[in-house]
> 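One structure coming up, written as structure tokens, with questions to follow.
Each chain gets a letter, A, B and so on, in the order its sequence line appears, and its residues count up from 1. Computation of the quantities below employed the complete heavy-atom set of this structure, encompassing side-chain atoms and omitting hydrogens, waters and symmetry-equivalent molecules.
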2 protein chains.
Amino acid sequence: MSAATTPPRRIVIVGGVAAGMSAAARARRLDEDAEIIVLERGEHVSFANCGLPYYVGGEIQDEAALLVQTPAKLRDALDLDVRVRHDVIALDPARRTVAVRGPQGEKQLRYDALILAPGAAAVRPPLPGLDSPRVSTLRTVEDAVRLRARIDAQASRPARRAVVLGAGFIGLEAAEALSRQGLEVDLVELAPHVLPPLEAEMAAPVTTELKRLGISVHAGVAAQAVEQHEGHDTLVLADGRRIEADLILLSVGVRPDTAVFETAGVACERGAILVDEHGRTNVPHVYAAGDAVLSADAVTGLRRPVALAGPANRAGRGIADHILRPASARPLPAPVGTAILRVGEITAALTGANADALRASGIHTDTLHLHPTQHAGYFPGATQMALVVHIRRGDGLLLGAQAVGREGVDKRIDVLATAIRAGLTAADLIDLDLAYSPVYGSAKDPVNLVGMVGANVTDGTLALWYAQDWERLRGETLVLDVRSAAEYAAGHLPGALHIPHTELRGRLDEVRAAAAGRPVRVLCGSGVRSHIAHRLLTQSGFDSASLSGGMLTARAVLGDEVLVA
Amino acid sequence: MSAATTPPRRIVIVGGVAAGMSAAARARRLDEDAEIIVLERGEHVSFANCGLPYYVGGEIQDEAALLVQTPAKLRDALDLDVRVRHDVIALDPARRTVAVRGPQGEKQLRYDALILAPGAAAVRPPLPGLDSPRVSTLRTVEDAVRLRARIDAQASRPARRAVVLGAGFIGLEAAEALSRQGLEVDLVELAPHVLPPLEAEMAAPVTTELKRLGISVHAGVAAQAVEQHEGHDTLVLADGRRIEADLILLSVGVRPDTAVFETAGVACERGAILVDEHGRTNVPHVYAAGDAVLSADAVTGLRRPVALAGPANRAGRGIADHILRPASARPLPAPVGTAILRVGEITAALTGANADALRASGIHTDTLHLHPTQHAGYFPGATQMALVVHIRRGDGLLLGAQAVGREGVDKRIDVLATAIRAGLTAADLIDLDLAYSPVYGSAKDPVNLVGMVGANVTDGTLALWYAQDWERLRGETLVLDVRSAAEYAAGHLPGALHIPHTELRGRLDEVRAAAAGRPVRVLCGSGVRSHIAHRLLTQSGFDSASLSGGMLTARAVLGDEVLVA
């Protein structure tokens, strides 16, 4: 119990954006008397980090819209002492002081509690020629303003070309923004596909949409050098390709901005500050939050940096609680890591762990692929989304989910993020009463369907096979295609036996003959009809399994090239 | 343990729409050998109940879209014996038979398990003249086809007039559909406001939107009689008003269609079948699901009918599980009762219990009103939604939520429905990692904000007052308006002292003088600034509270008439 502790008189906060400013505002609401000083290295506090690509792209017209707060407004409303262009250059934990360099010179500042929210800086890989003046990053309002000014200045020039290095969330937002401004855009990604946290089969429709927007996608290739020429640069790729660019945007990741604090004894791992469940570092009275800390993932328990605004805001707030009300402060939640992206007319989102993280953590999983429509199929405008969900083998605990589609993606990922946070299983999803009218959903919502499929897998009612295993399985098994004749004729896996699911009951002898003792691997369009067929087959004595996600997933995994008509 | 039980050989299902057909399909997937007979009184099975108003309104063009399945397709895919135009006229539990009247006459049908999913019929109140041929209901495909044919036949006639009796979900959908078809529509509701399950302050914007669509709303008034004239009817209201109508649509509720079964000894309450957590009635081997059953509400525990497609579908499925796998079947969930409605350009949705139900169940609650934007305010197109959330006093357990707005309403209600089902508290909502990019949400999502406000109320950081209490409080307290001068000048509560929240810290003496020992009741636009002011006041020794939902809620509760400029 800390009830007898005197509240700190001076709270010093390093960094005035998401985590830092949330901590400051909450601290004031809890303690009218504390002195609260926010030290921000940049020009602006509390700016709209996540809006920068949209300003570059022109959807957000006015720079002022990015500046959510100003020091003056924060002083008037919350009596905060916000000092921009103040850089913390040293920390002395023994004396409880930080050394600050500001426009008026250097000074020492004493603290009773110190919150480190310095954020992260763009990684600059050791690439020859990256010092070109045409190379920029997109982390601050200044970056965005500079980039937009350069675009506007060149607006009348034809054939302006941009290269975006790195196809993560911000890289993709930036690529679309530049494309929207009329530039020819090449997107280069070292990983095998864009948005590396997505499963490959989910990244495929994102790549398709990028190409539809006119963006050239180069995945699975390293950048080797930037050649600086008169008037433009040339990016050289490891495979020898050369891309000319009037502008190169670097978006290959961030590294925590923590050197000053690590030097002073704040424990870090890979440059990121280690904190406990209340945001405390190893140094007494020193807390940390935001892009500069490492957190233990809620699903896998593995430590990872989570550079997301939502968790940063909430951690800042929670740290203020712990400083001012230590006895009642709730622990900060482990991050689930939900993220979302609009790409052209589609949305890609994910929550929880992906297949790589689950493999790394040694958790045994089942993976479900579904393609439900965002609302009732009989209501105009229904479109399919692709859903992937990982559940724990044995009990069906929800571990992670991803969705890509035109509409309703954000809703389903938010529901699944809530379910993961609440520790629900697939079977629990069956029971969710989600808002249904044909305009908004289906009587069996996509999330309910995930629950039904997942519960069937967990209890053995449904056995799945995966398109990734097709090459290996095609010889060892009978692949049975139960789609309609028209669907089969339009393209099917070579060697697949075709019997429509409506005829299967009367044609089991054909299956038995063709299988010749081998297991049967059933497939249909998206997995609904093959599930019905699987149930029939398994109750008729076959070793059977249903293709997860059907041909929709198989085509994303294998490509259309494998199909025969 | 029922592991030794032989699975039933013949499952008879009464009613072939949501609950019944879900039970049939699941039963087949679990048991290839069972005989599964579905008896449907109407012409169609598995039709799109919830699509009927949209067919009437012309958004769904084709009648065929409403017919999701046909007996022939169900026979081919699932070997179901589906008999339409078969009415069950008696049940003999001792012999395990039902008497069925079909096109070929009457016969007895033996069952091993019987599932009652007869649905509910439209209530016809004892209103003189209601037998007019111009009065119709909207429960079946036949109803919808008849109504649409009548509208189409009269399409060239000017000044066609419709009255919709009952402003529940279906009444409102029907009213909009008729209005969309060019009819003048009057909507009559006995309850004080449209959509009676909504709180009054949430119904207000729905009424506004209905009026914007050109629909005349008459709430809080009873229909007294239908006068039948040559060529039209006149609906007479209890207050003497008379409304001429070429068409009257009756939508005042439904009653379970259970007389046959109650006569046979199936226990009912108010006509609805009582079931246990596996859907079992009091009669051995007889189950029931859907609109014809009473369920104990998940939040209040009070028994109520839940005429919703989602729970019906899932209950049918769960009953099939219990019949065929009694040892492992999960209990059916108590309904949370989530519902949603599009009205013109806005969405209204609710989940869990409302204030009336909570009062009736004796649960002590705190109620939160918020007006967050659906996505980041700095991104183009941000619009506010109204959110009301009820939490349990003391621990903040989530009990119910309602939302009305232009965008993002369905998502927040689904997240809150999930949270209610999972037994989360307001504080737990703070920790939800919801998908944020400025296109889709905010770093602090509306649901996170509900959590922050709710946790503040639960732990006493925030005290709320309510617009409903204004008349009583205005004399006993100092009402303090902390909005900007421009907002105050545009309209404020009479007698309110005005000090902008940015000046409050320096003007506490003025507050002290004006309060003269009375409590201070603060307000602002939506409750954000008044929360900051409340924290300042309460730490400065005032008895203070912040207006829940601010002036946005106050105007919905009190009307604009009370404002002075």
> Below 4.5 Å, heavy-atom pairs only: which of V415(A), N49(A), L308(A), L332(A) has the largest tally toward chain B?
V415(A)

> I'd like to know which of D79(A), D33(A), L350(A), L416(A) tops the heavy-atom pair count under 4.5 Å against chain B.
D79(A)

> A443(A) and N313(B): which non-hydrogen atoms are nearest, and at how many Å?
CB-ND2, 3.2 Å

> Can you tell which part of L30(B) gets under 4.5 Å to a heavy atom of chain A, answering side chain, backbone, both or neither?
both

> Minimum heavy-atom separation for G51(A) and Y378(B), please, with both atom names.
N-OH, 3.2 Å

> Side chain from CB out, backbone as N, CA, C, O: work out which of these in R317(B) comes under 4.5 Å of a heavy atom of chain A, or both, or neither.
side chain

> Are the side chains of D410(A) and L434(B) in contact, using a 4.5 Å heavy-atom criterion?
no

> For the atom pair CE (M452(B)) and CZ (R29(A)), what is the distance rounded to the nearest 0.5 Å?
8.5 Å

> Relative to chain B, which of R412(A), E32(A), H501(A), H534(A) shows the most heavy atom pairs under 4.5 Å?
E32(A)

> Contact part of P335(A) toward chain B, heavy-atom cut-off under 4.5 Å: side chain, backbone, both or neither?
both

> Check whether R325(B) gets within reach of chain A through its side chain, its backbone, both or neither, counting any heavy atom under 4.5 Å.
side chain

> Under a 4.5 Å heavy-atom cut-off, does chain A meet the side chain of L341(B), its backbone, both or neither?
backbone

> Measure A48(B) against the heavy atoms of chain A and call it side chain, backbone, both or neither at under 4.5 Å.
both

> Could you check whether S22(B) and K444(A), counting side-chain N and O atoms only, form a donor-acceptor pair closer than 3.5 Å?
yes

> At a 4.5 Å cut-off on heavy atoms, which part of V439(B) comes close to chain A: side chain, backbone, both, or neither?
side chain

> With a 4.0 Å cut-off, would you call D431(A) and R330(B) a salt bridge?
yes

> Which atoms of H531(B) are under 4.5 Å from chain A, going by heavy atoms: the side chain, the backbone, both sets, or neither?
side chain

> Roughly how far apart are D445(A) CG and D414(B) CG, rounded to 0.5 Å?
6.0 Å

> Decide yes or no for I532(B) and L78(A): does some side-chain heavy atom of the first lie under 4.5 Å from some side-chain heavy atom of the second?
yes

> Between D433(B) and R314(A) (salt bridge meaning N to carboxylate O under 4.0 Å), is one present in this structure?
yes

> Nearest heavy-atom pair of L424(B) and A422(A): which atoms, and what distance?
CD2-CB, 4.0 Å

> How long is the gap from CZ on R26(A) to OG1 on T461(B), to the nearest 0.5 Å?
5.5 Å

> Counting a contact as any heavy-atom pair under 4.5 Å apart, which residues of residues 60-69 of chain B contact chain A?
I60(B), A65(B), V68(B)

> Against chain A, label A427(B) side chain, backbone, both or neither, depending on which of its atoms sit under 4.5 Å from a heavy atom there.
both

> Relative to chain A, which segment of Y436(B) carries a heavy atom at a distance below 4.5 Å: side chain, backbone, both, or neither?
both

> With a 4.5 angstrom heavy-atom cut-off, could you sort out which part of Q539(B) is near chain A: side chain, backbone, both or neither?
side chain

> Taking A309(A), A417(A), A77(A) one by one, which has the highest count of heavy-atom pairs under 4.5 Å against chain B?
A77(A)

> Please look at R28(A) and chain B and tell me whether the side chain, the backbone, both or neither of the residue comes under 4.5 angstrom of a heavy atom of that chain.
both

> For D31(B), is it the side chain, the backbone, both or neither that has a heavy atom under 4.5 Å from a heavy atom of chain A?
both

> Heavy-atom distance under 4.5 Å to chain B: side chain of R342(A), backbone, both or neither?
both

> Pick whichever of D428(A), I430(A), T351(A) has the most heavy-atom pairs under 4.5 Å with chain B.
I430(A)

> Below 4.5 Å from any heavy atom of chain A, which atoms of T347(B) appear? Answer side chain, backbone, both or neither.
both

> Chain A heavy atoms under 4.5 Å from R505(B): which part of the residue, side chain, backbone, both or neither?
side chain

> So do P438(A) and C50(B) actually touch side chain to side chain, heavy atoms under 4.5 Å?
yes

> Return the minimal non-hydrogen interatomic distance between I340(B) and S437(A), and the atom names on each side.
CG2-N, 3.5 Å

> Any idea which heavy atoms bring T418(B) and A419(A) closest together, and the distance?
CG2-N, 4.3 Å

> Report which part of A376(A) has an atom under 4.5 Å of a heavy atom belonging to chain B: side chain, backbone, both, or neither.
neither

